[in-house]
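Chain identifiers are assigned alphabetically (A, B, ...) following the order of the sequence lines, protein sequences preceding nucleic acid strands; residue numbering begins at 1 within each chain.
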Amino acid sequence: MLALVDCDSFFVSCQVVFNPKLRSKPVIVLSGNDGCVVSRSKEAKALGIPMGIAAFKVKDLIKKHRIYTFSSNFPLYGDMSQRVMAILLDAAPRVSIYSIDEAFLDLSTIPKEDLKSLASELREKIYKWTGISVTIGVAPTKTLAKVATNKAKKNSNLKGVHIFYTKNDIYKALCDFPVEEIWGVGRESARFLKYYGIDTAHQFSTAPEKWLRKNLKIFGLKTQKELQGVPSINFTQTYAPKKQIIRSRSFKNQITEFEALSEALASFVVRAAFKLREQGSVTSKISVYIRTSKYSASHLRYYNSAEKKLLSPINDTAFLIKEARECLKIIFKTGYGYKKAGVVLSDIVPEHSRQMDIFRTYEPETSKSLLNAIDNINNTMGARTIQYGAEGLNRKSLYRSAKKSGLYTTSWEELLRVS
DNA sequence: TCTGGGGTCCTAGGACCC
DNA sequence: TCTGGGGTCCTAGGACCC
(Lines give C-alpha, C1' and ligand atoms only; values in the text may rest on other atoms or scores of the structure.)
Protein backbone atom coordinates (compact mmCIF):
# COMPACT_ATOMS: atom_id res chain seq x y z
CA MET A 1 0.00 0.00 0.00
CA LEU A 2 1.04 3.59 -0.53
CA ALA A 3 -0.33 6.90 0.62
CA LEU A 4 -0.79 10.19 -1.13
CA VAL A 5 -0.55 13.17 1.19
CA ASP A 6 -2.02 16.26 -0.42
CA CYS A 7 -2.11 19.69 1.24
CA ASP A 8 -5.53 21.35 1.23
CA SER A 9 -5.69 24.64 -0.76
CA PHE A 10 -1.96 24.85 -0.19
CA PHE A 11 -1.07 28.45 -1.09
CA VAL A 12 -4.14 29.77 0.70
CA SER A 13 -3.37 27.61 3.74
CA CYS A 14 0.15 29.06 3.90
CA GLN A 15 -1.27 32.58 4.00
CA VAL A 16 -3.85 31.66 6.63
CA VAL A 17 -1.24 30.16 8.98
CA PHE A 18 0.25 33.63 9.38
CA ASN A 19 -3.08 35.41 9.39
CA PRO A 20 -5.39 33.21 11.49
CA LYS A 21 -8.32 35.58 11.38
CA LEU A 22 -8.76 34.50 7.76
CA ARG A 23 -9.67 30.98 8.84
CA SER A 24 -13.14 30.10 7.50
CA LYS A 25 -13.13 33.20 5.28
CA PRO A 26 -13.07 33.27 1.49
CA VAL A 27 -9.40 33.64 0.47
CA ILE A 28 -7.65 33.34 -2.89
CA VAL A 29 -4.05 33.46 -4.08
CA LEU A 30 -3.13 34.82 -7.51
CA SER A 31 -0.51 33.63 -9.96
CA GLY A 32 2.55 35.63 -10.92
CA ASN A 33 1.84 39.15 -12.20
CA ASP A 34 -1.48 38.83 -10.32
CA GLY A 35 -2.89 37.21 -13.44
CA CYS A 36 -4.98 34.17 -12.52
CA VAL A 37 -6.55 32.57 -9.46
CA VAL A 38 -4.38 29.58 -8.54
CA SER A 39 -5.53 28.69 -5.03
CA ARG A 40 -8.90 29.04 -3.31
CA SER A 41 -10.16 28.39 0.17
CA LYS A 42 -13.24 26.20 0.55
CA GLU A 43 -15.29 29.32 1.11
CA ALA A 44 -13.98 31.00 -2.05
CA LYS A 45 -14.79 27.88 -4.07
CA ALA A 46 -18.31 27.94 -2.68
CA LEU A 47 -18.72 31.53 -3.89
CA GLY A 48 -18.09 30.34 -7.43
CA ILE A 49 -14.48 31.37 -8.07
CA PRO A 50 -13.19 28.89 -10.68
CA MET A 51 -9.65 27.56 -10.66
CA GLY A 52 -7.33 29.29 -13.10
CA ILE A 53 -9.67 32.13 -14.03
CA ALA A 54 -8.20 35.52 -14.94
CA ALA A 55 -8.33 37.74 -11.87
CA PHE A 56 -9.94 40.69 -13.67
CA LYS A 57 -12.86 38.49 -14.66
CA VAL A 58 -13.85 37.91 -11.04
CA LYS A 59 -13.08 41.41 -9.80
CA ASP A 60 -16.71 42.13 -9.02
CA LEU A 61 -17.20 38.85 -7.20
CA ILE A 62 -14.11 39.54 -5.10
CA LYS A 63 -15.38 42.97 -4.17
CA LYS A 64 -18.94 41.91 -3.50
CA HIS A 65 -18.02 39.06 -1.14
CA ARG A 66 -14.92 40.73 0.28
CA ILE A 67 -12.73 37.84 -0.76
CA TYR A 68 -9.26 38.21 0.71
CA THR A 69 -6.72 38.25 -2.09
CA PHE A 70 -2.96 37.58 -2.04
CA SER A 71 -0.26 37.81 -4.68
CA SER A 72 1.78 34.63 -4.79
CA ASN A 73 4.71 34.39 -2.41
CA PHE A 74 6.85 31.44 -3.43
CA PRO A 75 9.60 31.79 -0.85
CA LEU A 76 6.89 31.34 1.79
CA TYR A 77 5.21 28.39 0.07
CA GLY A 78 8.52 26.72 -0.64
CA ASP A 79 9.56 26.98 2.99
CA MET A 80 6.21 25.73 4.31
CA SER A 81 6.40 22.88 1.82
CA GLN A 82 9.80 21.86 3.18
CA ARG A 83 8.39 21.76 6.70
CA VAL A 84 5.57 19.46 5.66
CA MET A 85 7.91 17.28 3.60
CA ALA A 86 10.37 16.98 6.49
CA ILE A 87 7.61 15.42 8.59
CA LEU A 88 6.69 13.04 5.77
CA LEU A 89 10.31 12.00 5.17
CA ASP A 90 10.39 10.95 8.79
CA ALA A 91 7.10 9.05 8.60
CA ALA A 92 7.90 6.40 5.97
CA PRO A 93 10.94 4.49 4.72
CA ARG A 94 10.47 5.75 1.16
CA VAL A 95 8.91 9.07 0.20
CA SER A 96 8.44 10.50 -3.28
CA ILE A 97 7.87 14.25 -3.33
CA TYR A 98 5.64 14.82 -6.33
CA SER A 99 4.97 18.56 -6.22
CA ILE A 100 5.13 21.52 -3.87
CA ASP A 101 2.08 20.26 -1.98
CA GLU A 102 1.97 16.48 -2.56
CA ALA A 103 4.03 13.41 -1.74
CA PHE A 104 3.64 9.64 -1.99
CA LEU A 105 4.61 7.46 0.97
CA ASP A 106 5.57 3.81 0.74
CA LEU A 107 3.53 2.03 3.42
CA SER A 108 4.21 -1.53 2.27
CA THR A 109 5.74 -2.46 5.63
CA ILE A 110 2.73 -1.27 7.64
CA PRO A 111 0.13 -3.88 8.73
CA LYS A 112 -3.30 -3.19 7.25
CA GLU A 113 -4.97 -2.72 10.59
CA ASP A 114 -2.55 0.11 11.47
CA LEU A 115 -3.01 2.17 8.31
CA LYS A 116 -5.97 4.15 9.53
CA SER A 117 -4.42 5.30 12.80
CA LEU A 118 -1.09 5.99 11.14
CA ALA A 119 -2.69 8.25 8.53
CA SER A 120 -4.89 10.06 11.03
CA GLU A 121 -2.03 10.67 13.43
CA LEU A 122 0.21 11.88 10.62
CA ARG A 123 -2.47 14.29 9.54
CA GLU A 124 -2.85 15.68 13.05
CA LYS A 125 0.89 16.00 13.48
CA ILE A 126 1.29 17.97 10.27
CA TYR A 127 -1.48 20.34 11.28
CA LYS A 128 -0.09 20.80 14.78
CA TRP A 129 3.49 21.35 13.67
CA THR A 130 2.93 23.48 10.55
CA GLY A 131 -0.66 24.73 10.56
CA ILE A 132 -1.27 23.10 7.18
CA SER A 133 -4.19 20.68 6.83
CA VAL A 134 -3.72 17.71 4.52
CA THR A 135 -5.82 14.96 2.99
CA ILE A 136 -4.50 11.40 2.82
CA GLY A 137 -5.54 8.66 0.40
CA VAL A 138 -4.21 5.11 0.83
CA ALA A 139 -4.36 2.46 -1.91
CA PRO A 140 -2.27 -0.15 -3.74
CA THR A 141 -1.17 2.23 -6.55
CA LYS A 142 -0.48 5.91 -7.07
CA THR A 143 -3.44 6.44 -9.38
CA LEU A 144 -5.81 4.77 -6.90
CA ALA A 145 -4.33 6.80 -4.03
CA LYS A 146 -5.24 9.86 -6.08
CA VAL A 147 -8.81 8.59 -6.36
CA ALA A 148 -8.94 7.93 -2.61
CA THR A 149 -7.68 11.43 -1.84
CA ASN A 150 -10.21 12.90 -4.21
CA LYS A 151 -13.02 11.03 -2.42
CA ALA A 152 -11.79 12.17 0.97
CA LYS A 153 -11.76 15.80 -0.11
CA LYS A 154 -15.37 15.58 -1.26
CA ASN A 155 -16.72 13.83 1.82
CA SER A 156 -16.07 15.63 5.08
CA ASN A 157 -17.33 12.63 7.08
CA LEU A 158 -14.09 10.88 6.18
CA LYS A 159 -12.08 13.42 8.22
CA GLY A 160 -9.33 13.78 5.64
CA VAL A 161 -8.36 10.11 5.38
CA HIS A 162 -9.65 7.49 2.94
CA ILE A 163 -8.29 3.96 2.53
CA PHE A 164 -9.03 1.32 -0.12
CA TYR A 165 -8.72 -1.93 1.79
CA THR A 166 -10.39 -4.36 -0.60
CA LYS A 167 -11.09 -4.91 -4.30
CA ASN A 168 -14.68 -4.09 -3.53
CA ASP A 169 -13.72 -0.71 -2.01
CA ILE A 170 -11.94 0.08 -5.25
CA TYR A 171 -14.77 -1.19 -7.44
CA LYS A 172 -17.32 0.96 -5.63
CA ALA A 173 -15.14 4.04 -5.82
CA LEU A 174 -14.37 3.69 -9.53
CA CYS A 175 -17.99 3.17 -10.59
CA ASP A 176 -18.94 6.74 -9.83
CA PHE A 177 -15.60 8.36 -10.54
CA PRO A 178 -15.73 10.50 -13.72
CA VAL A 179 -13.17 9.45 -16.32
CA GLU A 180 -11.90 13.02 -16.75
CA GLU A 181 -10.85 13.17 -13.11
CA ILE A 182 -8.45 10.25 -13.38
CA TRP A 183 -4.83 11.26 -12.83
CA GLY A 184 -3.22 11.26 -16.28
CA VAL A 185 -6.44 11.59 -18.26
CA GLY A 186 -6.48 15.14 -19.58
CA ARG A 187 -8.86 17.05 -21.78
CA GLU A 188 -7.92 15.34 -25.04
CA SER A 189 -8.12 11.80 -23.73
CA ALA A 190 -11.32 12.47 -21.80
CA ARG A 191 -13.05 13.74 -24.94
CA PHE A 192 -11.89 10.71 -26.87
CA LEU A 193 -12.96 8.23 -24.17
CA LYS A 194 -16.37 9.81 -23.72
CA TYR A 195 -16.95 9.67 -27.45
CA TYR A 196 -16.60 5.90 -27.17
CA GLY A 197 -18.93 5.72 -24.20
CA ILE A 198 -16.34 5.47 -21.46
CA ASP A 199 -17.54 7.82 -18.76
CA THR A 200 -16.34 6.30 -15.51
CA ALA A 201 -13.04 5.11 -14.11
CA HIS A 202 -14.51 1.62 -13.82
CA GLN A 203 -15.31 1.52 -17.53
CA PHE A 204 -11.78 2.73 -18.24
CA SER A 205 -10.31 -0.01 -16.09
CA THR A 206 -12.15 -2.70 -18.08
CA ALA A 207 -11.66 -1.28 -21.60
CA PRO A 208 -9.92 -3.59 -24.15
CA GLU A 209 -6.17 -3.42 -23.66
CA LYS A 210 -5.19 -3.39 -27.34
CA TRP A 211 -7.61 -0.62 -28.16
CA LEU A 212 -6.28 1.46 -25.26
CA ARG A 213 -2.67 0.86 -26.27
CA LYS A 214 -3.40 1.90 -29.82
CA ASN A 215 -5.23 5.11 -28.97
CA LEU A 216 -3.94 6.36 -25.63
CA LYS A 217 -0.48 4.84 -26.08
CA ILE A 218 1.64 3.44 -23.31
CA PHE A 219 0.52 5.92 -20.67
CA GLY A 220 -3.13 4.98 -21.16
CA LEU A 221 -2.20 1.36 -20.59
CA LYS A 222 -0.20 2.16 -17.47
CA THR A 223 -3.10 4.15 -16.07
CA GLN A 224 -5.43 1.21 -16.68
CA LYS A 225 -3.09 -1.16 -14.85
CA GLU A 226 -2.87 1.28 -11.98
CA LEU A 227 -6.66 1.43 -11.71
CA GLN A 228 -6.70 -2.38 -11.64
CA GLY A 229 -4.39 -2.26 -8.65
CA VAL A 230 -1.16 -3.14 -10.47
CA PRO A 231 1.58 -0.56 -9.80
CA SER A 232 2.86 0.73 -13.13
CA ILE A 233 4.17 4.21 -12.41
CA ASN A 234 7.63 4.43 -10.91
CA PHE A 235 8.16 5.45 -7.35
CA THR A 236 10.66 8.18 -8.25
CA GLN A 237 13.57 9.37 -6.20
CA THR A 238 12.81 12.02 -3.63
CA TYR A 239 15.40 14.55 -4.70
CA ALA A 240 15.89 13.72 -8.35
CA PRO A 241 17.78 16.57 -10.03
CA LYS A 242 15.79 18.59 -12.54
CA LYS A 243 16.26 17.69 -16.19
CA GLN A 244 15.17 21.12 -17.28
CA ILE A 245 15.16 24.47 -15.47
CA ILE A 246 12.86 27.28 -16.57
CA ARG A 247 12.71 30.85 -15.32
CA SER A 248 10.13 33.08 -16.93
CA ARG A 249 7.80 35.96 -16.12
CA SER A 250 4.97 37.99 -17.50
CA PHE A 251 5.53 41.74 -17.33
CA LYS A 252 3.26 44.32 -15.77
CA ASN A 253 3.69 46.63 -18.80
CA GLN A 254 4.75 45.84 -22.31
CA ILE A 255 8.50 46.01 -22.88
CA THR A 256 9.63 47.46 -26.18
CA GLU A 257 13.37 48.08 -25.66
CA PHE A 258 16.06 45.51 -26.33
CA GLU A 259 18.11 46.49 -23.27
CA ALA A 260 15.18 46.20 -20.87
CA LEU A 261 14.37 42.74 -22.18
CA SER A 262 18.01 41.74 -22.03
CA GLU A 263 18.17 42.79 -18.37
CA ALA A 264 15.06 40.80 -17.53
CA LEU A 265 16.52 37.74 -19.26
CA ALA A 266 19.79 38.20 -17.39
CA SER A 267 17.94 38.10 -14.09
CA PHE A 268 16.22 34.87 -15.19
CA VAL A 269 19.59 33.38 -16.08
CA VAL A 270 21.00 34.37 -12.68
CA ARG A 271 18.23 32.48 -10.90
CA ALA A 272 18.27 29.50 -13.25
CA ALA A 273 22.06 29.12 -12.99
CA PHE A 274 21.88 29.34 -9.20
CA LYS A 275 19.34 26.53 -9.17
CA LEU A 276 21.57 24.56 -11.54
CA ARG A 277 24.60 24.85 -9.23
CA GLU A 278 22.46 24.12 -6.18
CA GLN A 279 21.63 20.68 -7.58
CA GLY A 280 25.22 20.09 -8.67
CA SER A 281 24.52 20.12 -12.39
CA VAL A 282 25.74 21.71 -15.59
CA THR A 283 23.76 22.55 -18.72
CA SER A 284 24.63 22.14 -22.36
CA LYS A 285 21.72 23.99 -23.93
CA ILE A 286 20.20 27.37 -23.22
CA SER A 287 17.15 28.70 -24.98
CA VAL A 288 15.43 32.04 -24.75
CA TYR A 289 11.95 33.03 -25.76
CA ILE A 290 10.02 36.28 -25.94
CA ARG A 291 6.37 36.85 -26.64
CA THR A 292 3.76 39.54 -26.94
CA SER A 293 0.39 39.06 -25.25
CA LYS A 294 -1.43 35.94 -26.35
CA TYR A 295 -4.61 37.97 -26.39
CA SER A 296 -3.68 40.96 -28.53
CA ALA A 297 -4.76 41.42 -32.15
CA SER A 298 -3.02 38.99 -34.47
CA HIS A 299 -0.95 41.58 -36.35
CA LEU A 300 0.54 42.73 -33.03
CA ARG A 301 1.37 39.20 -31.94
CA TYR A 302 4.87 37.78 -32.07
CA TYR A 303 6.56 34.77 -30.53
CA ASN A 304 10.02 33.50 -31.15
CA SER A 305 12.75 31.52 -29.47
CA ALA A 306 16.41 30.80 -30.07
CA GLU A 307 18.81 28.35 -28.53
CA LYS A 308 22.54 27.83 -28.15
CA LYS A 309 24.26 24.53 -27.69
CA LEU A 310 27.28 24.77 -25.48
CA LEU A 311 30.43 22.93 -26.48
CA SER A 312 31.24 22.23 -22.89
CA PRO A 313 28.44 21.92 -20.32
CA ILE A 314 28.70 24.68 -17.71
CA ASN A 315 26.93 26.42 -14.84
CA ASP A 316 28.72 29.78 -14.98
CA THR A 317 26.22 32.61 -14.72
CA ALA A 318 28.25 35.23 -16.60
CA PHE A 319 28.83 32.90 -19.53
CA LEU A 320 25.15 31.98 -19.71
CA ILE A 321 24.10 35.64 -19.57
CA LYS A 322 26.21 36.31 -22.66
CA GLU A 323 24.69 33.36 -24.47
CA ALA A 324 21.18 34.49 -23.58
CA ARG A 325 21.93 37.94 -24.95
CA GLU A 326 23.16 36.43 -28.20
CA CYS A 327 19.91 34.48 -28.45
CA LEU A 328 17.88 37.62 -27.85
CA LYS A 329 19.75 39.41 -30.65
CA ILE A 330 18.56 36.73 -33.06
CA ILE A 331 14.87 36.91 -32.18
CA PHE A 332 14.30 40.50 -31.02
CA LYS A 333 12.22 42.62 -33.37
CA THR A 334 11.41 46.27 -32.79
CA GLY A 335 7.83 47.45 -33.00
CA TYR A 336 6.36 44.88 -30.63
CA GLY A 337 5.34 45.21 -27.01
CA TYR A 338 6.67 42.16 -25.20
CA LYS A 339 4.59 40.75 -22.35
CA LYS A 340 6.56 37.70 -21.37
CA ALA A 341 10.04 36.26 -21.64
CA GLY A 342 11.84 33.23 -20.37
CA VAL A 343 15.01 31.21 -20.22
CA VAL A 344 15.20 27.41 -20.43
CA LEU A 345 18.23 25.37 -19.45
CA SER A 346 18.13 21.81 -20.73
CA ASP A 347 20.38 18.86 -21.53
CA ILE A 348 21.34 19.00 -17.88
CA VAL A 349 23.91 16.54 -16.54
CA PRO A 350 25.66 16.07 -13.20
CA GLU A 351 28.74 18.25 -12.85
CA HIS A 352 31.01 15.30 -12.07
CA SER A 353 30.19 13.57 -15.34
CA ARG A 354 30.75 16.64 -17.47
CA GLN A 355 32.03 16.01 -20.97
CA MET A 356 34.93 18.40 -21.56
CA ASP A 357 35.45 20.37 -24.75
CA ILE A 358 38.43 19.21 -26.74
CA PHE A 359 39.09 22.76 -27.98
CA ARG A 360 38.94 24.26 -24.50
CA THR A 361 37.15 27.41 -25.59
CA TYR A 362 36.04 27.76 -22.02
CA GLU A 363 37.82 26.65 -18.89
CA PRO A 364 35.32 26.18 -16.08
CA GLU A 365 37.81 25.91 -13.23
CA THR A 366 38.80 29.55 -13.46
CA SER A 367 35.43 30.87 -12.31
CA LYS A 368 34.52 28.20 -9.81
CA SER A 369 35.77 30.00 -6.73
CA LEU A 370 34.13 33.22 -7.86
CA LEU A 371 30.77 31.47 -8.28
CA ASN A 372 31.13 29.80 -4.90
CA ALA A 373 31.84 33.13 -3.27
CA ILE A 374 28.82 34.79 -4.87
CA ASP A 375 26.53 31.89 -3.94
CA ASN A 376 27.79 31.85 -0.36
CA ILE A 377 27.26 35.56 0.09
CA ASN A 378 23.77 35.45 -1.39
CA ASN A 379 22.89 32.40 0.67
CA THR A 380 23.96 33.91 3.97
CA MET A 381 23.18 37.59 3.44
CA GLY A 382 20.07 37.34 1.32
CA ALA A 383 19.32 36.78 -2.34
CA ARG A 384 20.56 39.54 -4.65
CA THR A 385 23.09 40.89 -2.14
CA ILE A 386 25.49 40.56 -5.05
CA GLN A 387 24.01 41.09 -8.49
CA TYR A 388 25.28 41.03 -12.03
CA GLY A 389 25.48 44.37 -13.83
CA ALA A 390 23.67 42.82 -16.78
CA GLU A 391 20.53 42.51 -14.63
CA GLY A 392 20.28 46.30 -14.55
CA LEU A 393 20.61 48.39 -11.43
CA ASN A 394 17.89 50.12 -9.43
CA ARG A 395 15.30 49.25 -11.95
CA LYS A 396 11.64 49.49 -11.10
CA SER A 397 9.87 46.20 -10.72
CA LEU A 398 8.69 44.85 -14.04
CA TYR A 399 6.14 42.59 -12.40
CA ARG A 400 2.80 43.18 -10.79
CA SER A 401 2.53 41.86 -7.26
CA ALA A 402 0.21 44.22 -5.46
CA LYS A 403 -0.93 42.06 -2.54
CA LYS A 404 2.12 40.20 -1.46
CA SER A 405 2.35 39.13 2.17
CA GLY A 406 5.56 39.15 4.21
CA LEU A 407 8.37 36.61 3.96
CA TYR A 408 7.46 35.37 7.42
CA THR A 409 9.86 32.45 7.51
CA THR A 410 12.75 33.40 5.26
CA SER A 411 13.60 37.02 6.08
CA TRP A 412 14.67 38.41 9.48
CA GLU A 413 13.12 41.76 8.62
CA GLU A 414 9.72 40.25 7.93
CA LEU A 415 9.18 37.91 10.85
CA LEU A 416 5.65 37.87 12.14
CA ARG A 417 5.15 40.12 15.15
CA VAL A 418 2.93 38.81 17.92
CA SER A 419 1.61 41.00 20.69
C1' DT B 1 -6.30 47.91 -18.80
C1' DC B 2 -5.86 43.08 -16.85
C1' DT B 3 -5.19 36.13 -18.84
C1' DG B 4 0.96 32.08 -14.33
C1' DG B 5 5.16 29.52 -13.71
C1' DG B 6 6.98 25.69 -13.28
C1' DG B 7 7.81 20.61 -14.67
C1' DT B 8 7.69 15.30 -16.91
C1' DC B 9 7.12 11.68 -20.31
C1' DC B 10 6.14 9.88 -24.84
C1' DT B 11 5.98 9.52 -29.95
C1' DA B 12 6.65 10.25 -34.81
C1' DG B 13 9.63 11.11 -38.08
C1' DG B 14 14.05 12.68 -39.95
C1' DA B 15 18.89 11.75 -40.59
C1' DC B 16 22.01 8.59 -40.51
C1' DC B 17 24.52 3.83 -40.52
C1' DC B 18 25.77 -0.93 -42.91
C1' DT C 1 7.09 -2.76 -64.27
C1' DC C 2 10.06 -3.90 -60.56
C1' DT C 3 14.19 -0.49 -56.28
C1' DG C 4 16.11 -4.23 -49.10
C1' DG C 5 16.17 -5.03 -44.48
C1' DG C 6 17.82 -4.00 -40.40
C1' DG C 7 19.21 -0.74 -37.08
C1' DT C 8 20.42 3.89 -33.86
C1' DC C 9 20.12 8.55 -32.34
C1' DC C 10 18.02 12.92 -31.98
C1' DT C 11 14.44 16.46 -31.77
C1' DA C 12 10.08 18.98 -31.85
C1' DG C 13 5.91 19.04 -30.22
C1' DG C 14 1.89 17.10 -27.84
C1' DA C 15 -0.36 15.73 -23.64
C1' DC C 16 -0.34 15.85 -19.17
C1' DC C 17 0.59 17.32 -14.14
C1' DC C 18 0.38 20.93 -9.98
Side-chain angles (χ1 to χ4, degrees), chain A residues 4-12 28-40 50-60 62 69-75 77-78 81 96-104 142-143 146 149-150 180-193 213-223 232-234 236-237 240-254 268 271-272 275 279 284-285 287 289 291-296 301 303 305 307 309 337 339-348 398-403:
Chain A
L4 170 64
V5 179
D6 187 320
C7 300
D8 302 329
S9 309
F10 183 58
F11 297 169
V12 162
I28 57 175
V29 171
L30 304 178
S31 65
N33 213 36
D34 293 347
C36 300
V37 176
V38 292
S39 182
R40 306 158 295 156
M51 182 66 178
I53 194 163
F56 73 91
K57 287 187 179 171
V58 284
K59 215 169 61 183
D60 294 340
I62 290 171
T69 306
F70 291 91
S71 301
S72 50
N73 185 342
F74 276 91
Y77 310 149
S81 173
S96 174
I97 297 172
Y98 176 66
S99 74
I100 195 165
D101 71 335
E102 278 172 88
F104 292 98
K142 284 183 163 184
T143 307
K146 276 270 182 188
T149 306
N150 193 304
E180 68 270 22
E181 289 186 23
I182 299 170
W183 188 46
V185 175
R187 218 175 27 200
E188 289 300 307
S189 308
R191 205 175 46 182
F192 175 83
L193 290 163
R213 174 73 178 86
K214 180 160 172 267
N215 294 290
L216 297 192
K217 315 298 173 186
I218 195 72
F219 199 79
L221 207 59
K222 282 188 186 175
T223 301
S232 307
I233 297 174
N234 279 344
T236 41
Q237 242 185 292
K242 299 281 181 241
K243 299 173 176 176
Q244 171 181 288
I245 295 171
I246 303 177
R247 288 298 176 269
S248 67
R249 280 286 178 282
S250 295
F251 306 120
K252 180 167 53 179
N253 304 118
Q254 296 181 351
F268 300 156
R271 284 187 287 132
K275 177 82 194 169
Q279 67 170 32
S284 30
K285 190 161 99 183
S287 48
Y289 72 89
R291 76 170 323 140
T292 56
S293 169
K294 282 190 281 186
Y295 306 93
S296 52
R301 240 180 271 168
Y303 168 89
S305 67
E307 66 181 45
K309 294 207 171 162
K339 246 336 232 173
K340 187 176 179 184
V343 166
V344 184
L345 305 181
S346 49
D347 292 8
I348 290 173
L398 301 172
Y399 318 108
R400 196 192 316 274
S401 185
K403 312 213 160 148

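- Heavy atoms of A/F74 sit nowhere under 4.0 angstrom from any nucleic acid atom.
- Within the nucleic acid shown, A/D101 comes within 4.0 Å of sugar-phosphate atoms alone, with no base atom in reach, counting heavy atoms only.
- Legend: residues meeting side chain to side chain donor-acceptor pair (under 3.5 Å) with A/R191, ordered by chain and number and at least two apart, are A/E188.
- If you check every strand for non-hydrogen atoms under 4.0 Å, A/S293 touches nothing.
- No contact: A/I53 has no heavy atom under 4.0 Å from any strand.
- Legend: residues meeting side chain to side chain donor-acceptor pair (under 3.5 Å) with A/K146, ordered by chain and number and at least two apart, are A/E102.
- Counting non-hydrogen atoms under 4.0 angstrom, A/K59 reaches a base of the nucleic acid.
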Practice task
Could you give me the CA-CA distance, side-chain angles and deciding distance for A/I218 and A/R213, then say whether side-chain contact (heavy atoms from CB on, under 4.5 Å) is met?
Solution key: CA-CA 6 Å; A/I218 195 72; A/R213 174 73 178 86; 3.9 Å; yes
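- Both A/K252 and A/P241 sit near DNA chain B, but only A/K252 has its closest nucleotide nearer the 5' end.
- The side-chain contact (heavy atoms from CB on, under 4.5 Å) check on A/K59 picks up nothing, with sequence neighbours excluded.
- In this view, A/S287 satisfies the side chain to side chain donor-acceptor pair (under 3.5 Å) rule with no residue, not counting sequence neighbours.
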Handout entry: Secondary-structure notation, DNA chain B, from Watson-Crick and G-U pairs under 3.5 angstrom (| other strand)
Key = ....||||||||||||||
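- Between A/Y399 and A/F251, the ring-plane angle classifies as parallel under the 30° and 60° cut-offs.
- Residue A/Y295 is in base contact, counting any heavy-atom pair closer than 4.0 Å across all strands shown.
- Rounded to whole Å, the C1' atom of C/dG4 lies 14 Å from the corresponding atom of B/dC17.
- Taking every nucleotide of DNA chain B with any atom under 4.0 Å from a non-hydrogen atom of chain A, the first and last of them, 5' to 3', are B/dT1 to B/dA12.
- Using a 4.0 Å heavy-atom distance criterion, A/E188 is classed as a sugar-phosphate-only contact.
- With sequence neighbours left out, the side chain to side chain donor-acceptor pair (under 3.5 Å) criterion links A/E307 to no other residue.
- In this structure A/K294 satisfies the side-chain contact (heavy atoms from CB on, under 4.5 Å) test together with A/R291, sequence neighbours excluded.
- With sequence neighbours left out, the side-chain contact (heavy atoms from CB on, under 4.5 Å) criterion links A/S250 to A/N33, A/K340.
- Remark on DNA chain B: of its neighbouring residues A/I218 and A/F251, the 5'-side contact belongs to A/F251, judged by nearest-heavy-atom nucleotide.
- Nucleic acid contact for A/K275: none, since no nucleic acid atom lies under 4.0 Å from a heavy atom of the residue.
- Using a 4.0 Å heavy-atom cutoff across all strands shown, A/L216 reaches no nucleic acid atom at all.
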